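A short write-up of the structure that comes next.
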Amino acid sequence: MSEANSYTEIYQMVQKIPRGQVATYGQIATICGMPQAARLVGLALHVCDIQKIPWHRVINRRGTISTTCLEHPVAMQKELLEREGIQVKKKAGAWTIDLRKYQWQD
DNA sequence: CCTGTGACGTGCT
DNA sequence: AAGCACGCCACAG
């Protein structure tokens, strides 16, 4: 685990997010020690097992998901987030979440 | 070995 | 307030 300098660390961090809260890519990257590698978090979640990783708790700085592959996951994300007590609103065609209210703090 | 890309972030215009 | 451009790190070809 100490050598977890790659996606592994990110996955562990995402799984560490408390239920009912969300975190931004930059937040995860910063905690992992790579405040400038927010893109890596996104890429990591892109290749991760969305069946095992609560990727829906990880969103961008705007509080929305810019997912290029918003094929199916978007609807599922809404279900998962609302199921955890997080309010998801639709704004300009994108799901918006109140970061100041749900953003996770380590 | 080098180049391109990507679920992002911040700054400037 | 909104949009555009650059920078960051890791991995694939």
Side-chain angles (χ1 to χ4, degrees):
Chain A
M1 335 200 189
S2 326
E3 69 276 34
N5 218 42
S6 50
Y7 300 148
T8 312
E9 185 73 12
I10 298 172
Y11 296 146
Q12 295 296 318
M13 188 58 57
V14 176
Q15 291 179 341
K16 214 172 94 177
I17 300 173
R19 180 175 173 278
Q21 292 193 342
V22 297
T24 65
Y25 300 102
Q27 179 100 44
I28 300 296
T30 301
I31 298 169
C32 285
M34 306 182 277
Q36 319 310 66
R39 313 191 77 159
L40 277 302
V41 181
L43 185 58
L45 290 175
H46 175 63
V47 298
C48 85
D49 266 306
I50 94 174
Q51 309 250 347
K52 299 185 88 170
I53 308 292
W55 61 275
H56 54 269
R57 291 183 190 157
V58 188
I59 53 184
N60 61 17
R61 217 15 177 162
R62 291 163 69 181
T64 59
I65 298 281
S66 299
T67 334
T68 53
C69 43
L70 39 83
E71 306 285 320
H72 271 219
V74 177
M76 179 170 68
Q77 181 209 26
K78 177 179 173 296
E79 283 286 324
L80 292 165
L81 291 174
E82 289 189 332
R83 182 180 159 192
E84 296 190 354
I86 299 174
Q87 286 192 336
V88 184
K89 287 185 168 181
K90 190 133 181 240
K91 187 154 196 170
W95 298 108
T96 308
I97 298 160
D98 295 308
L99 283 174
R100 57 180 189 179
K101 186 175 181 180
Y102 297 111
Q103 186 166 25
W104 171 50
Q105 299 175 40
D106 184 23

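Keep in mind it's a predicted model, so treat the numbers as computed, not measured. Chain naming here is simple, since letters A, B, ... match the order of the sequence lines and numbering starts at 1 in each.
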Using atom [atom1] of [X] as one end and atom [atom2] of [N] as the other, report the distance to the nearest whole Å.
X: A/Met34; N: C/dG7; atom1: CE; atom2: C1'; answer: 16 Å
X: A/Ile10; N: B/dC8; atom1: CD1; atom2: P; answer: 13 Å
X: A/Leu45; N: C/dA10; atom1: CG; atom2: P; answer: 16 Å
X: A/Tyr7; N: B/dG6; atom1: OH; atom2: P; answer: 12 Å
X: A/Leu81; N: B/dA7; atom1: CG; atom2: P; answer: 19 Å
X: A/Glu9; N: C/dA10; atom1: CD; atom2: P; answer: 13 Å
X: A/Leu43; N: C/dA12; atom1: CG; atom2: C1'; answer: 10 Å
X: A/Ile28; N: B/dG6; atom1: CD1; atom2: C1'; answer: 18 Å

Inset, instruction - Look up atom CD1 in A/Ile10 and atom OH in A/Tyr25, then write down how far apart they are to the nearest 0.5 Å. - result: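 If I round to the nearest 0.5 Å, the distance is 11.5 Å.
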
Legend entry - Point-to-point distance, once rounded to the nearest 0.5 Å, from CD1 of A/Ile86 to CZ of A/Arg19: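 Those atoms lie 8.5 Å apart.
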
Inset, instruction - Run through A/Gln27, A/Gln103, A/Gln77 and flag the one making a side chain to side chain contact (heavy atoms under 4.5 Å, CB included) with A/Ile59. - result: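 Only match with A/Ile59 under side chain to side chain contact (heavy atoms under 4.5 Å, CB included): A/Gln77.
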
Inset, instruction - Using the side chain to side chain contact (heavy atoms under 4.5 Å, CB included) rule, pick out the option among A/Ile53, A/Thr24, A/Val22, A/Ile17 that qualifies with A/Val58. - result: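 Between A/Val58 and the candidates, side chain to side chain contact (heavy atoms under 4.5 Å, CB included) is satisfied uniquely by A/Ile17.
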
Inset, instruction - Using a 4.5 Å cut-off on heavy atoms from C-beta on, say whether the side chain of A/His46 contacts that of A/Trp55. - result: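 They are not in contact (no side-chain heavy atoms under 4.5 Å apart), so the answer is no.
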
Collect all protein-nucleotide pairs involving nucleotides 9-13 of chain B in which both atoms are nitrogen or oxygen and the distance is under 3.5 Å.
from, atom 1, to, atom 2, distance (Å)
B/dG9, OP1, A/Arg61, N, 3.1
B/dG9, OP2, A/Arg61, N, 2.7

Legend entry - Out of C/dC11, C/dC8, B/dG6, whichever nucleotide has its closest atom nearest the side chain of A/Leu40: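 From the listed options, B/dG6 comes nearest.
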
Legend entry - Cation-aromatic face contact A/Lys89/A/Trp95, 6.0 Å, 45 degrees: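 A/Lys89 over A/Trp95 ring: no.
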
